Amino acid sequence: MYHILIFGPPGVGKGTQSQLIAEKKNLFHLSTGEYLRKAIDEETTLGKKAKDIVEKGLLVPDDIMIGIVAEALKANLDGKDGFILDGFPRTLDQAKALEVIFKEMGFNDIIIIYLKADENELVTRLVKRGRKDDTEEIIRHRLKIYIDSTEPIIDYYRSFSEVKEICGVGEIEDIFSNICEKLR
Ligand code: ADP
């Protein structure tokens with residue numbers, strides 16, 4: 001069983017690598033960003049609530065995100081060999097709530113992957129990607145939120161768990177094989 005959390009700044013390639021890992025290891029892949037974008041496209045109640053927040057590059061409230069993740073983990077693990085969470089937790093409160101969810105569900109062996117790249121590389125990649133929240137101004141803002149809210153969580157996990165750091169710059173296949181190496 002693999003219970004993986006993948007961290008890294010916007011644009012580092014978490015989504016791409018998560019998908020590859022999920023395919024290879026038969027995991028449920030939950031990208032909270034993708035989940036929200038789908039809700040926004042489908043104009044669901046959640047989507048209507050989240051639209052403005054996501055498009056401005058702000059964080060959707062913790063209670064909403066925690067509910068989504070708890071539900072999704074409960075509903076999607078049948079037939080899977082674990083999960084990879086991509087984009088969650090993003091705040092310390094989300095991390096603490098996740099601890100409770102994991103305890104309830106009996107997961108105690110969590111693997112932490114931390115993908116890294118420098119800021120200029122990230123901004124260049126994201127501007128090219130051109131999603132609605134990928135204008136330079138919003139990207140800089142998302143990076144700031146990442147540094148203020150999400151990076152401290154990595155230190156939190158470091159205090160009781162190994163954090164597997166991987167360089168997110170280079171060929172997709174090479175980065176993927178570095179991750180696989182660290183998962184062995
Ligand atoms: P990126 O990592 O490139 O910023 P994501 O697809 O992970 O992109 O997330 C896009 C947006 O979705 C975020 O900027 C935020 O508005 C919202 N979002 C995703 N996950 C969370 C979360 N765990 N908590 C709050 N907001 C979230």
Side-chain angles (χ1 to χ4, degrees), residues 4-22 29-41 46-47 49-66 68-69 72 84-99 110-159 161-176 178-179 182:
I4 303 176
L5 307 183
I6 187 163
F7 289 99
V12 78
K14 292 186 300 285
T16 306
Q17 296 297 333
S18 299
Q19 225 165 320
L20 291 170
I21 300 165
H29 171 207
L30 178 61
S31 157
T32 47
E34 241 169 61
Y35 187 101
L36 292 169
R37 282 188 291 279
K38 184 159 176 278
I40 292 168
D41 284 347
L46 167 69
K49 240 188 249 174
K51 187 173 193 305
D52 249 30
I53 303 174
V54 170
E55 285 175 3
K56 287 186 183 135
L58 304 174
L59 292 182
V60 173
D62 286 338
D63 55 336
I64 296 181
M65 296 313 300
I66 292 161
I68 290 172
V69 172
I84 180 160
L85 290 188
D86 156 12
F88 187 96
R90 245 181 172 86
T91 65
L92 209 52
D93 282 344
Q94 291 180 11
K96 295 204 167 137
L98 193 61
E99 292 292 299
I110 305 301
I111 297 170
I112 318 273
I113 297 174
Y114 180 17
L115 265 185
K116 300 174 95 167
D118 70 64
E119 180 161 339
N120 288 334
E121 168 81 19
L122 297 169
V123 175
T124 311
R125 283 190 197 178
L126 288 168
V127 170
K128 257 194 234 157
R129 181 170 74 180
R131 216 165 63 192
K132 211 164 183 181
D133 57 345
D134 286 340
T135 66
E136 177 146 2
E137 190 195 345
I138 295 177
I139 291 166
R140 298 259 178 223
H141 193 61
R142 272 159 53 212
L143 280 167
K144 187 179 175 333
I145 293 182
Y146 173 78
I147 291 165
D148 292 345
S149 306
T150 308
E151 268 188 347
I153 306 179
I154 296 160
D155 292 326
Y156 165 72
Y157 282 110
R158 266 206 193 92
S159 68
S161 178
E162 182 204 355
V163 173
K164 298 178 190 296
E165 292 194 19
I166 313 267
C167 172
V169 185
E171 295 298 323
I172 289 173
E173 297 74 31
D174 295 337
I175 299 166
F176 180 52
N178 288 338
I179 294 176
K182 295 232 178 185

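Count residues from 1 along the sequence. Keep in mind that what you see is a predicted model, and the values were worked out from it rather than measured.
For the atom pair Ile145 CD1 and Arg140 CZ, the distance stands at 14.5 Å (nearest 0.5 Å). Between the CD1 atom in Ile68 and the CG atom in Leu36 there is a gap of 5.0 Å [rounded to 0.5 Å]. For the atom pair CG (Leu59) and OG1 (Thr150), the distance works out to 6.5 Å, reported to the nearest 0.5 Å. Here the straight-line distance linking atom CD1 of Ile6 with atom CD of Gln17 works out to 7.0 Å at 0.5 Å rounding.
Side-chain atoms of Lys14 do not come within 3.5 Å of backbone N or O of Asp86 as any donor-acceptor pair. For Arg125 (side chain) and Gly11 (main-chain N/O), a donor-acceptor pair under 3.5 Å exists by modelled atom type.
Among pairs with a residue in residues 164-175, those fulfilling side chain to side chain donor-acceptor pair (under 3.5 Å) read Lys116-Glu165, Arg158-Glu165, Glu162-Lys164, at least two apart in sequence or across chains.
Across all their heavy atoms, Gly15 and His29 have their closest contact at O-CE1, 4.0 Å. Scanning both residues, Ile53 and Pro61, for their nearest heavy atoms gives CD1-CD, 3.9 Å. Residue Ala117 comes nearest to Pro9 through the heavy atom pair O-CG, 4.4 Å, listed as atom of the first residue, atom of the second, then distance. Here the closest non-hydrogen pair linking Pro89 and Ala95 is CB-N, 3.4 Å.
Each of Asp148, Ile138, Leu122 was evaluated against Leu143; a single residue qualifies, Leu122, per the side-chain contact (heavy atoms from CB on, under 4.5 Å) test.
Residues satisfying the salt bridge (charged side-chain N to carboxylate O under 4.0 Å, His left out) criterion with Lys49, sequence neighbours excluded, are absent altogether. For Glu137, there are no side-chain hydrogen bond (donor to acceptor under 3.5 Å, both in side chains) partners two or more places apart in sequence or in a different chain. Applying the side chain to side chain contact (heavy atoms under 4.5 Å, CB included) rule to Ile110 yields the partners His3, Leu5, Phe102, Phe107, Ile112; only residues at least two apart in sequence or on another chain are considered. For Arg37, the side chain to side chain contact (heavy atoms under 4.5 Å, CB included) partners two or more places apart in sequence, or in a different chain, are Glu34, Arg131. Glu55 is linked by a side-chain hydrogen bond (donor to acceptor under 3.5 Å, both in side chains) to Lys51, counting only residues two or more places apart in sequence or in another chain. When the side chain to side chain contact (heavy atoms under 4.5 Å, CB included) test is applied to Leu92, the partners found at least two apart in sequence or on another chain are Lys96, Ile153, Tyr156. Scored by the side-chain hydrogen bond (donor to acceptor under 3.5 Å, both in side chains) test, Asp118 finds no partners at all (sequence neighbours excluded). Every residue meeting the salt bridge (charged side-chain N to carboxylate O under 4.0 Å, His left out) condition with Arg129, not counting sequence neighbours, appears here in chain and number order: Asp134. In terms of the ring pair (Phe, Tyr, Trp, His ring centres under 6.0 Å) criterion, residue partners of Tyr157 (sequence neighbours excluded) are, by chain and number, Phe7, Phe160. Residues that satisfy the salt bridge (charged side-chain N to carboxylate O under 4.0 Å, His left out) test with Lys182, not counting sequence neighbours, are absent from this structure. For Asp93, the side chain to side chain contact (heavy atoms under 4.5 Å, CB included) partners are Asp62, Thr91, not counting sequence neighbours.
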*side-chain contact (heavy atoms from CB on, under 4.5 Å) between Leu115 and Ile175, intermediate numbers included*: CA-CA 9 Å; Leu115 265 185; Ile175 299 166; 3.9 Å; yes
*Check the pair Phe176 / Thr16 against side-chain contact (heavy atoms from CB on, under 4.5 Å), numbers first and verdict last.*
CA-CA 9 Å; Phe176 180 52; Thr16 306; over 6 Å; no
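Annotation: Ile147, atom CD1; neighbour count of heavy atoms from other residues, nucleotides and ligands within 6.0 Å is above 12. Heavy atoms of other residues, nucleotides or ligands lying less than 6.0 angstrom from OH of Tyr114 number more than 12.
Between Ile113 and Ile21 there is a side-chain heavy-atom pair separated by less than 4.5 Å. Leu98 is listed as a side-chain neighbour of Leu85, based on a closest heavy-atom distance under 4.5 Å. Ser18 is not listed as a side-chain neighbour of Ile4, based on a closest heavy-atom distance of 4.5 Å or more. A 4.5 Å side-chain heavy-atom check between Ile179 and Leu20 finds every atom pair outside the cut-off. Contact of the Gln94 side chain with the Met65 side chain is registered, since non-hydrogen atoms from C-beta on lie closer than 4.5 Å. Using a 4.5 Å heavy-atom cutoff, the side chains of Tyr35 and Leu46 are in contact. Put simply, the side chain of Gln19 does not reach to within 4.5 Å of the side chain of Ile84, judged on heavy atoms.
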